[in-house]
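Notes follow once the structure below has been shown.
Both ligands and their constituent atoms are indexed starting at 1 by order of listing.
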Amino acid sequence: MCGILAYSGKKSIKKILLSGLEKLSYRGYDSAGIGVLTQEKTIKIYKYAGHVQNLTKNLEKITIESPVGIGHTRWATHGEANDINAHPHLSHSGHLAIAHNGIVENYNTLKKKLISKGYTFQSNTDTEVLINLIDYIQNYQQCALKEALRFALKHVVGAYALVLLDKNNPHQLIATKKGSPLVIGIQGKEYFIASDVTPIIAHTNEVIFLKDDEIAYINHGKLQITNAKAVEKTPFIEKLDIHLEAIDKGHFPHFMLKEIFEQPQSLQNCILGRLNMLQKKLTLGGIQDHLPSLKEANRIIIIACGTSYYAGLVGAYFLEDICRIPVVVEYASEFRYRNPIIKSNDVILAISQSGETADTLAAIQLAKKHHAIILGICNVVGSSLARTTHAGIFTHAGPEIGVASTKAFTAQLMSLAMLALKLAHEKKTIAENVFQHYLLELYKIPTKIDLLLQNISPAIQLLAQKFKNSRHFIYLGRGYHFPIAMEGALKLKEIAYIHAEGYPAAEMKHGPIALIDQDMPVVCIATKDHCYDKIVANIEEIKARKGQIIAIVTEKDTHITSLTKDIISVPDTPAALMPMITIVPLQLLAYYTAIARNCNVDQPRNLAKSVTVE
Ligand code: F6R
């Protein structure tokens with residue numbers, strides 16, 4: 001989604017904004033621009049559709065000297081992706097400029113009112129409405145910009161994060177947010193305001209996460225933060241524990257490949273300090289205080305979107321199996337609009353990599369109104385989800401830059417497995433020897449994935465070449481592998497732009513089997529578990545209809561090997577933990593197929609890394 005970067009300081013504004021916008025580009029965008037002040041005391045906007053490189057090229061021969069500046073990468077919502085709709089936007093008077101993330105839901109009503117007051121508009125965006133509303137209120141009330149902003153936002157319905165530039169105050173930046181993240185980096189008298197920390201960490205690790213309705217006011221190198229009631233606050237400065245290498249591709253051609261190969265380490269980080277093999281103990285410090293409520297929970301309701309939703313489905317199987325608590329998994333976007341039944345002894349578990357997904361955050365707010373306990377599984381410390389839930393588990397996968405989620409997904413699976421085991425142990429619904437066996441198996445997962453990654457790439461590259469021109473794929477799995485079939489299909493759709501569907505294998509007979517012919521690749525996740533014979537029968541049915549079977553099997557499987565040549569073997573592990581392993585070849589299959597089809601793997605078309613609007 002859109003990215004914001006603003007800077008106040010003595011360094012080269014052009015360099016800082018352009019390199020920062022490059023860093024933000026992983027979020028997904030279709031145009032980019034900057035707004036700066038000129039020697040003639042006017043605001044100058046440079047903005048173009050397309051990549052940040054396009055903006056950089058257009059600015060090559062232009063000298064910019066401005067004490068403050070704002071930059072933006074736009075992911076189109078209102079109005080197509082073109083130069084005019086790109087941000088920043090100037091007010092009608094030319095006095096103010098804005099970089100804005102989010103959606104002004106009532107922009108049409110506001111626009112009509114502003115038109116009746118003589119305002120004209122260049123773009124189709126809600127953002128241009130917002131800057132003109134602020135401009136109008138400032139003129140009407142003859143007040144300071146900070147006050148005008150506060151008044152204007154009272155009329156705005158929606159979520160936003162924004163930064164303002166004022167031509168009459170050339171050393172000033174004003175920023176605020178509601179429901180969309182904004183973080184301020186501090187380096188002495190220099191300030192960086194951004195929608196996430198990626199463009200900041202090259203400069204400083206001291207940051208302030210702005211809260212909803214707070215206004216940050218930077219003037220002549222001084223920062224002041226006021227709350228919704230205009231009362232000044234002492235800012236809480238946090239030290240980030242993220243290193244620059246974490247947002248660098250290193251020797252990998254793409255972030256996605258780097259992140260797939262990081263999984264042994266990210267899973268290791270996820271269990272670090274939690275799984276103690278010497279003491280044979282599992283500790284989840286983040287939820288420790290809520291274990292009594294979890295033990296008594298009537299029901300666990302998991303809410304999430306996309307890949308995180310599939311992680312939730314895997315988690316639900318294991319939680320129900322070993323904790324004997326009913327678990328339902330809901331798309332956050334459906335949950336929030338369907339008047340769900342939430343009782344006081346229900347526990348809500350929200351899962352989100354970014355912690356900024358608008359639907360998931362809104363679903364949490366709804367559950368809060370019912371006084372439910374809300375736990376989170378999240379990768380981003382300091383995110384909105386981390387701050388709004390009562391307690392939770394950080395997945396510690398490290399920053400995930402590739403748009404298609406990989407290492408964050410396996411870390412979510414690991415966190416859910418640990419949660420299920422901890423809860424079952426507390427509830428005594430699992431025998432001690434079984435619990436201990438699982439702990440040992442959890443501990444072995446990173447090493448197993450490491451070995452797998454060392455061996456499978458050549459075979460998967462061949463499969464990608466063989467099937468790169470297929471127009472459709474079917475993915476089948478049973479039990480724990482039904483969600484993995486859907487996640488594997490999602491990865492292929494997202495980055496290789498091939499239509500793919502994931503099904504529970506037994507559902508094939510109820511319709512999708514009509515699609516099977518010699519041109520249909522069918523990926524079958526068929527590892528050795530209690531459903532093995534059933535999925536073998538499904539594979540036979542596909543073979544009988546000449547479908548092209550790609551099978552993910554447990555190593556030393558001899559039976560399925562006789563049914564198809566396209567086999568990927570994975571190390572054996574208990575069924576509930578197997579999804580962490582079987583998803584790895586499916587991530588690589590999507591990656592290498594996308595490469596074979598010349599697709600932009602890290603920034604697939606139309607996608608955004610965190611979906612901060614509905
Ligand atoms: C797919 C993907 C998305 C996200 C979804 C939720 O690869 O990444 O489907 O899983 O947008 O995002 P989070 O987990 O940040 O809430």
### Message
Minimum distance, heavy atoms only, to atom 6 (C) of ligand 1: which one of Ser405, Gly306, Cys305 is it?
### Response
Cys305
### Query
For ligand 1, which atoms sit closer than 4.0 Å to a heavy atom of Gln353?
13 (P), 14 (O), 15 (O), 16 (O)
### Message
Would Thr360 count as being in polar contact with ligand 1, using the rule that some N or O on each side must be under 3.5 angstrom apart?
### Response
no
### Message
Is it the case that ligand 1 has an N or O less than 3.5 angstrom from some N or O of Gln412?
### Response
no
### Message
Between Thr73 and Gly3 (side chain of the first, backbone of the second, donor and acceptor by atom type, cut-off under 3.5 Å), is there such a pair?
### Response
yes
### Query
Considering only heavy atoms, which of Glu487, Met256, Glu494 lies nearest to atom 7 (O) of ligand 1?
Glu494
### Query
When you measure from the side chain of Glu501 to the backbone N and O of Ala489, does any donor-acceptor pair fall under 3.5 Å?
no
### Message
Classify the ring geometry of His100 against His87: parallel below 30°, tilted from 30° to 60°, perpendicular beyond 60°.
### Response
parallel
### Query
Centres of the Phe261 and Phe252 rings: under 6.0 Å?
yes
## Note on the structure
Closest to atom 11 (O) of ligand 1 among protein heavy atoms sits Val611 CG2, 4.0 Å
## Note on the structure
Nearest non-hydrogen protein atom to atom 4 (C) of ligand 1, with distance, is Thr307 N, 4.0 Å
### Task
Provide, to 0.1 Å, the distance between atom 12 (O) of ligand 1 and the closest protein heavy atom, together with that atom's residue and name.
Thr357 OG1, 3.4 Å
### Query
Quick one: does Asn379 get within less than 4.0 Å of ligand 1, heavy atoms only?
no
### Message
Using a 4.0 Å cutoff against the non-hydrogen atoms of Ala404, which atoms of ligand 1 qualify?
### Response
7 (O)
### Query
Does at least one non-hydrogen atom of Lys491 fall below 4.0 angstrom from an atom of ligand 1?
yes
### Task
Answer yes or no on whether Arg597 is positioned over the face of Tyr497, meaning its NZ or CZ is under 6.0 Å from the six-membered ring centre and within 45° of the axis.
no
### Query
How close does the nearest protein non-hydrogen atom get to atom 15 (O) of ligand 1, and which residue and atom is it?
Ser354 OG, 2.6 Å
### Task
Not counting sequence neighbours, which residues clear side-chain hydrogen bond (donor to acceptor under 3.5 Å, both in side chains) with Tyr29? List them please.
none
### Message
How about CD on Glu105, more than 12 heavy atoms from neighbouring residues, nucleotides or ligands closer than 6.0 Å, or not?
### Response
yes
### Query
Under 4.0 Å from any heavy atom of Ser352, which atoms of ligand 1 are there?
13 (P), 14 (O), 15 (O), 16 (O)
### Task
For the residue pair His472 and His499, categorise the inter-ring angle as parallel (less than 30°), tilted (30 to 60°) or perpendicular (more than 60°).
perpendicular
### Task
Over 60° means perpendicular and under 30° means parallel, so classify the ring planes of Tyr331 and Tyr309, tilted if in between.
parallel
